[in-house]
Amino acid sequence: MRAIPRGEVAGYGEVARRAGLPGRARMVARLLSHNEDPTLPWHRVLRSDGRIAFPPDAPEFAEQSQRLRAEGVRVEAGRVRGVRAATLDEQIWGVPD
DNA sequence: GAATTGACTCCGT
DNA sequence: TACGGAGCCAATT
């Protein structure tokens with residue numbers, strides 16, 4: 001997850017796969033929900049459809065959007081624009097699959 | 001050990 | 001793009 005460059009994002013599934021745990025997207029989500037490490041760029045992790053995983057009324061939603069925008073990522077109504085959310089495996093790790 | 005519960009994903013409408 | 005349904009995995013009840 002820390003390998004995700006500033007200003008880029010990745011999906012839960014992507015992260016799980018790169019961690020050697022295909023199909024464990026929910027596990028990643030669970031880890032994040034319990035994570036306490038402030039240096040972990042959790043805000044760069046989105047759902048497969050490129051949207052923020054929180055409901056728009058959740059306080060985390062605002063925080064994540066803000067953090068992303070602070071990195072130059074365009075966020076509109078909980079959806080991330082300008083970055084491939086589900087398939088930048090290659091873009092990040094140079095793995096063509 | 002069955003039922004429930006998510007910061008999930010895929011597919012058909 | 002939005003919805004609903006089914007599948008999924010691990011932790012919790």
Side-chain angles (χ1 to χ4, degrees):
Chain A
M1 198 179 292
R2 301 180 194 280
I4 305 174
R6 220 184 122 82
E8 304 273 336
V9 297
Y12 288 88
E14 290 286 310
V15 176
R17 247 179 353 114
R18 282 297 117 197
L21 300 172
R24 307 316 195 264
R26 303 195 80 141
M27 193 181 90
V28 174
R30 184 174 174 284
L31 283 177
L32 285 186
S33 68
H34 292 314
N35 169 61
E36 295 177 13
D37 187 341
T39 72
L40 225 175
W42 56 272
H43 55 280
R44 301 192 190 136
V45 185
L46 307 174
R47 292 197 331 209
S48 61
D49 55 5
R51 301 230 225 155
I52 290 186
F54 295 100
D57 53 313
E60 286 85 344
F61 177 93
E63 164 138 0
Q64 182 162 16
S65 326
Q66 184 183 329
R67 286 191 177 215
L68 284 174
R69 281 194 275 255
E71 297 188 351
V73 178
R74 172 186 270 259
V75 183
E76 282 178 26
R79 145 179 355 68
V80 166
R81 317 271 271 195
V83 184
R84 303 273 188 273
T87 334
L88 32 63
D89 230 34
E90 179 177 350
Q91 194 174 329
I92 297 180
W93 292 280
V95 180
D97 273 327

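We name chains A, B, ... by the order of the sequence lines, and we start the count at 1 in each one.
A salt bridge links A:Arg67 to A:Glu63: at least one charged side-chain nitrogen sits closer than 4.0 Å to a carboxylate oxygen.
Pairs of residues two or more places apart, or lying in two chains, never qualify as salt bridge (Lys or Arg N to Asp or Glu O under 4.0 Å) while including a residue from residues 22-34 of chain A.
Listed by chain and residue number, nothing satisfies the side chain to side chain contact (heavy atoms under 4.5 Å, CB included) test with A:Gln66 (two or more places apart in sequence, or in another chain). Residues satisfying the side chain to side chain contact (heavy atoms under 4.5 Å, CB included) criterion with A:Leu68, sequence neighbours excluded, are A:Val9, A:His43, A:Leu46, A:Gln64, A:Val73, A:Val75, A:Val80. Looking at residues two or more places apart in sequence or on another chain, you find a salt bridge (Lys or Arg N to Asp or Glu O under 4.0 Å) between A:Arg2 and A:Asp37. The salt bridge (Lys or Arg N to Asp or Glu O under 4.0 Å) check on A:Asp57 picks up nothing, with sequence neighbours excluded. Not a single side-chain hydrogen bond (donor to acceptor under 3.5 Å, both in side chains) links A:Arg81 to another residue, sequence neighbours left out. With sequence neighbours left out, the salt bridge (Lys or Arg N to Asp or Glu O under 4.0 Å) criterion links A:Glu71 to A:Arg44. Residues forming a salt bridge (Lys or Arg N to Asp or Glu O under 4.0 Å) with A:Arg74 (at least two apart in sequence, or on another chain): A:Glu76.
Contact check for A:Leu32 versus A:Met1: side-chain heavy atoms found under the 4.5 Å cut-off.
Of the residues in residues 72-79 of chain A, not one comes within less than 4.0 Å of DNA chain B through any heavy atom.
At a threshold of 4.5 Å between side-chain heavy atoms, the hydrophobic network of Ile, Leu, Val, Met, Phe, Trp and Tyr places A:Phe54 and A:Val45 in one connected group.
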Please produce a list of atom pairs where a protein N or O lies less than 3.5 Å from an N or O of nucleotides 10-13 of chain C.
residue : atom : partner : partner atom : Å
C:dA10  : OP1  : A:Arg24 : NE           : 3.4
C:dA11  : O4'  : A:Arg30 : NE           : 3.4
C:dA11  : O3'  : A:Arg30 : NH2          : 2.7

Collect all protein-nucleotide pairs involving nucleotides 3-7 of chain C in which both atoms are nitrogen or oxygen and the distance is under 3.5 Å.
none

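Listed here is the closest heavy atom pair of A:Ala16 and A:Ala25: CB-N, 3.9 Å.
In 5' to 3' order, the nucleotides of DNA chain B bounding all contacts with chain A (an atom under 4.0 Å from a heavy atom) are B:dG6 to B:dC10.
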